[in-house]
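For reference, the structure discussed in these notes is given below.
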Amino acid sequence: MKYALPVTRAESFPDWYQAVVAEADLAEESGVRGCMIIRPWGYGIWQRMQELLDRRFRETGHENCYFPLLIPLSFIAKEAEHVEGFAKEMAVVTHHRLKMIDGALKPDPEARLEEPLVVRPTSETVIGAAFQRWIRSHRDLPLLLNQWANVVRWEMRPRLFLRTVEFLWQEGHTAHATAEEARQETLRMLEIYRAFAEDALAMPVVAGEKPPHERFPGAESTFSIEAMMQDGKALQAGTAHYLGTNFSRAQHIRFQTEQGELAYAHTTSWGVTTRLVGGVVMTHGDDDGLRLPPILAPRQIVLVPIVRDRPEDASVLEYCESLAAQLGRGAALGEPIRALADRKLGRPVDKRWGWIKRGVPIVCEVGARDVAAGSVTFVRRDRARRGEKLDFASLARAEFLERAPALLAEVQSALHDDARERLRAGIRTDLATLAAVEEYFRESDDADAYRGWVQVPWARPEGAALDAVEERLKALKLTIRVAPLPQESAAGERCVFTGAPARERILLARAY
RNA sequence: CGGGGUGUAGCUCAGCCUGGUAGAGCGUUUGGUUCGGGACCAAAAGGUCGCAGGUUCAAGUCCUGUCACCCCGACCA
């Protein structure tokens with residue numbers, strides 16, 4: 001069987017991932033380690049994510065703003081755990097001028113900055129400094145901000161979209177009068193991420209709380225949504241942190257309460273990144289390339305005119321253009337349909353496979369026969385093949401126009417259903433002992449064999465006991481993903497690590 | 001930062017051991033045949049061999065230095 005990609009998922013999942021990113025025109029290496037060029041199709045997907053999320057943020061009272069890329073070193077130094085967490089991966093600006101020295105362009109020693117600036121790895125500290133000035137009274141709270149920005153973390157092992165040195169994200173930062181309100185905000189944003197992943201990305205996730213050693217540096221508690229990729233690994237797809245008063249104490253974010261007393265504000269931060277694009281690839285992609293949920297697809301229906309340098313070409317092109325325009329006046333999934341008549345020069349077969357690989361939900365071919373018959377021939381990308389061949393269907397033009405919204409909705413829910421079933425089937429809950437877990441994950445002949453996740457009872461060990469747990473998990477390349485929310489009672493169960501009475505259940509998985 | 005690699009045409013790579021006229025496939029362009037389920041034939045264009053030194057009559061090839069990137073570990077959205 002011949003597929004559109006040079007490598008299948010079964011042959012090598014990592015190679016397959018790279019092939020999709022390249023063949024679907026999502027992104028490419030830039031020549032600077034860890035920094036990627038996001039191509040128009042990949043950026044279009046990110047922009048759709050931005051549009052959909054930004055709407056939800058604004059609906060919940062958040063305002064967008066923008067803070068600087070460069071942060072004084074002294075700002076970062078204020079929160080001790082924060083420094084420790086990020087110090088090792090910081091890009092630092094030390095000079096402001098270049099000079100020709102011995103024939104080479106180098107930083108001018110005379111132009112050394114008095115205080116080095118770091119390229120933001122996240123913005124808690126700069127935004128906190130502004131909060132400190134803006135928040136004086138309980139009337140200034142809550143303060144609900146968000147920014148869309150790029151950040152830099154000097155990661156050791158970059159992979160396109162999944163872990164890049166520079167990445168795009170949104171970071172929300174809020175300040176509240178009480179711990180309770182800040183905790184609610186944290187959970188509210190977690191829920192927005194969960195619903196967005198499920199509804200827009202058709203990517204099923206488990207939302208929950210991270211164990212202490214996986215917390216954001218400086219956070220009181222960290223929550224995340226975790227998605228299961230087709231190789232069984234977990235991908236952290238969004239995080240929300242309750243920061244308590246850690247940052248406000250470090251940065252003197254204080255206000256006068258209604259009673260006139262001085263109190264520290266409780267802050268939160270939350271974010272999702274361009275990693276989500278990689279998550280969509282590894283959730284929905286198949287051996288013919290990307291498959292995009294229609295809500296996310298920059299183009300939902302693409303019409304490929306079958307032209308062959310013949311007089312009838314003009315009527316074919318006109319048929320495509322008018323069909324695309326008509327589709328665009330219709331609506332699907334709550335928005336106008338995004339249709340495109342692909343008039344670019346080039347061979348129709350190449351264009352067709354290009355759109356298949358890019359994951360367009362419905363790819364149409366319109367030739368002279370369709371024009372004559374008044375019909376539309378199309379492939380649903382979510383189930384593109386019948387046997388070895390593309391599964392083309394044909395409908396009368398009017399019928400296609402009428403059915404298009406339903407077809408797109410069907411593709412959206414079919415992708416979601418498939419992924420949801422995979423997540424459900426991929427979580428083992430019946431491994432009652434650590435030995436059973438170890439056996440399950442033990443390296444076999446095929447080290448990358450699909451293993452999925454394991455849910456086990458957990459007593460929340462701390463200190464040395466937690467370190468011991470970490471060490472055992474590390475040997476299996478496992479991590480604790482989250483304690484899923486909402487938690488059912490774990491009463492009567494025993495922690496698989498310590499044997500102590502369980503307090504909750506946690507998910508173990510290999511992770512990206 | 002430790003270990004292992006790779007830099008040669010737009011892309012993927014061969015050539016290096018054993019120094020002697022710069023190569024292949026894909027892609028691109030042109031012409032022709034074919035053409036609604038990734039067609040075929042022919043021709044053409046395209047490279048200061050990562051960079052800097054050195055050895056030599058002669059360096060892509062040997063030596064030294066340097067830079068970049070990739071893979072495996074520690075780190076991570």
Side-chain angles (χ1 to χ4, degrees), chain A residues 1-6 14-15 18 22-23 28-35 84-90 102-104 121-122 150-171 193 210 213-217 222 224-227 234-241 269-279 288-289 304-310 312-313 316 346-357 363-373 375-379 384-392 394 447 474 477 479 511-512:
Chain A
M1 172 115 186
K2 193 192 174 197
Y3 293 101
L5 297 179
D15 290 349
Q18 289 196 310
E23 298 280 323
E28 59 191 35
E29 302 283 358
S30 66
V32 176
R33 203 185 63 86
C35 296
E84 201 183 323
F86 284 107
K88 280 181 282 186
E89 50 183 43
M90 213 89 85
D102 301 331
T122 179
N150 57 339
V151 289
V152 166
R153 298 179 187 177
W154 213 263
E155 299 292 349
M156 293 296 118
R157 309 213 316 96
R159 293 189 64 187
L160 290 174
F161 288 112
L162 300 175
R163 194 185 304 102
T164 46
V165 166
E166 178 187 15
F167 57 90
L168 308 184
W169 76 346
Q170 60 65 216
E171 47 180 325
Y193 290 153
K210 291 275 184 192
H213 62 286
E214 300 276 355
R215 276 182 201 138
F216 175 76
T222 285
S224 75
I225 54 171
E226 301 283 328
L235 183 77
Q236 182 172 317
T239 50
H241 315 288
S269 67
W270 28 275
V272 298
T273 76
T274 34
R275 168 180 276 188
L276 285 175
V277 178
D288 287 314
V304 177
I306 308 295
V307 292
R308 334 184 300 178
D309 285 328
R310 300 270 171 85
E312 61 265 31
D313 285 359
V316 170
R347 298 164 51 205
V349 260
D350 294 335
K351 288 202 268 188
R352 175 222 297 152
W353 283 107
W355 292 116
I356 293 281
K357 286 189 285 193
V363 178
C364 303
E365 290 191 7
V366 177
R369 288 210 298 269
D370 291 297
V371 176
S375 62
V376 180
T377 304
F378 64 96
V379 183
R385 302 264 188 174
R386 177 182 295 271
E388 301 212 347
K389 298 188 166 182
L390 286 177
D391 187 12
F392 281 100
S394 199
K474 208 167 192 176
K477 293 184 174 176
T479 54
Y512 277 97

Between B:U33 and B:C49, how far is it from one P atom to the other, in whole Å? 42 Å
Partners of A:R33 by salt bridge (charged side-chain N to carboxylate O under 4.0 Å, His left out), sequence neighbours excluded? none
Using a 4.5 Å cut-off on heavy atoms from C-beta on, say whether the side chain of A:E23 contacts that of A:W353. no
Sequence neighbours excluded, the answer for side chain to side chain contact (heavy atoms under 4.5 Å, CB included) partners of A:R308 is A:R310
Within-4.5 Å side-chain heavy-atom neighbours: A:W169 and A:R275: no
Across all strands shown, which nucleotide pairs with B:A68 by Watson-Crick or G-U wobble geometry, both distances under 3.5 Å? B:U6
Salt bridge check: are A:E226 and A:K210 linked by an N-O gap of less than 4.0 Å? yes
Assign A:T377 to base, sugar-phosphate, or nothing according to its heavy-atom contacts below 4.0 angstrom with the strands shown. base
Counting only Watson-Crick pairs (N1-N3 plus N6-O4 or O6-N4) and G-U wobbles (N1-O2, O6-N3), all under 3.5 Å, who is the partner of B:G73? B:C1
Which nucleotide, if any, forms a Watson-Crick or G-U wobble pair with B:A24, using both distances under 3.5 Å? B:U12
Have a look at A:G367 and say if it touches a base, only the backbone sugar-phosphate, or nothing, with a 4.0 Å heavy-atom cut-off. base
Test applied, side chain to side chain contact (heavy atoms under 4.5 Å, CB included); reference residue, A:C364; option that passes from A:D370, A:V304, A:V376: A:V376
Taken to the nearest whole Å, CD/A:E29 to P/B:G7 is 18 Å
Rounded P spacing from B:C26 to B:C41 in Å: 9 Å
Sort out for me which residue in A:T122, A:T164, A:V165 forms a side chain to side chain contact (heavy atoms under 4.5 Å, CB included) with A:R153. A:T122
How would you label the contact of A:V272 with the nucleic acid (heavy atoms, under 4.0 Å): base, sugar-phosphate, or nothing? nothing
Does any nucleotide pair with B:G47 by Watson-Crick or G-U wobble geometry, both distances under 3.5 Å, and what is it? none
Tell me the closest heavy-atom pair linking A:T239 and A:S224, and the distance in Å. CG2-CB, 3.9 Å
Nearest-angstrom distance, P atom, B:C71 to B:U61: 27 Å
Rounded to whole angstrom, note down the C1' distance from B:U48 over to B:U8. 12 Å
Rounded to whole Å, CD of A:E28 lies from C1' of B:G10 at a distance of 12 Å
Any chance you could list the contact pattern along nucleotides 38-44 of chain B? Use B for base contacts, S for sugar-phosphate-only contacts and - for none, protein heavy atoms under 4.0 Å, 5' to 3'. BB-----
In whole angstrom, give the distance that lies between atom CG of A:L160 and atom P of B:C69. 14 Å
Distance, C1' atom - from B:C51 to B:A44, rounded to whole angstrom: 32 Å
Between B:C11 and B:G54 - C1' atom distance, rounded Å: 34 Å
Partners of A:F378 by ring-ring contact (aromatic ring centres under 6.0 Å, His included), sequence neighbours excluded? A:F400
Pairing partner (Watson-Crick or G-U wobble, both distances under 3.5 angstrom) of B:C40: B:G32
Please list each protein N or O that sits under 3.5 Å from an N or O in nucleotides 75-77 of chain B, with the distance.
residue: B:C75; atom: O2; partner: A:E155; partner atom: OE1; Å: 3.1
residue: B:C76; atom: O2'; partner: A:E155; partner atom: OE2; Å: 3.0
residue: B:C76; atom: O2; partner: A:R163; partner atom: NE; Å: 2.5
residue: B:C76; atom: N3; partner: A:R163; partner atom: NE; Å: 3.0
residue: B:C76; atom: N3; partner: A:R163; partner atom: NH2; Å: 3.2
residue: B:A77; atom: O3'; partner: A:Q236; partner atom: OE1; Å: 3.3
residue: B:A77; atom: O3'; partner: A:Q236; partner atom: NE2; Å: 2.5
residue: B:A77; atom: O3'; partner: A:R275; partner atom: NH1; Å: 3.4
residue: B:A77; atom: O2'; partner: A:Q236; partner atom: O; Å: 3.3
residue: B:A77; atom: O2'; partner: A:R275; partner atom: NH1; Å: 3.2
residue: B:A77; atom: N6; partner: A:T164; partner atom: N; Å: 3.0
residue: B:A77; atom: N6; partner: A:T164; partner atom: O; Å: 2.6
residue: B:A77; atom: N1; partner: A:T164; partner atom: N; Å: 3.3
residue: B:A77; atom: N3; partner: A:T273; partner atom: OG1; Å: 3.2

CD of A:E365 versus P of B:G36: gap in Å, rounded? 11 Å
Using atom C1' of each nucleotide, how far apart are B:G3 and B:G46 to the nearest Å? 39 Å
Contacts of type salt bridge (charged side-chain N to carboxylate O under 4.0 Å, His left out), residue A:R386, not counting sequence neighbours: A:D391
May I have the distance from A:D309 (atom CG) to B:G32 (atom P), rounded to whole angstrom? 11 Å
Suppose you measure atom P in B:G2 against the same atom in B:U66; what distance do you get, rounded to whole Å? 13 Å
Scan A:E28, A:E29, A:Q18 and name whichever one has a side chain to side chain contact (heavy atoms under 4.5 Å, CB included) with A:L160. A:E29
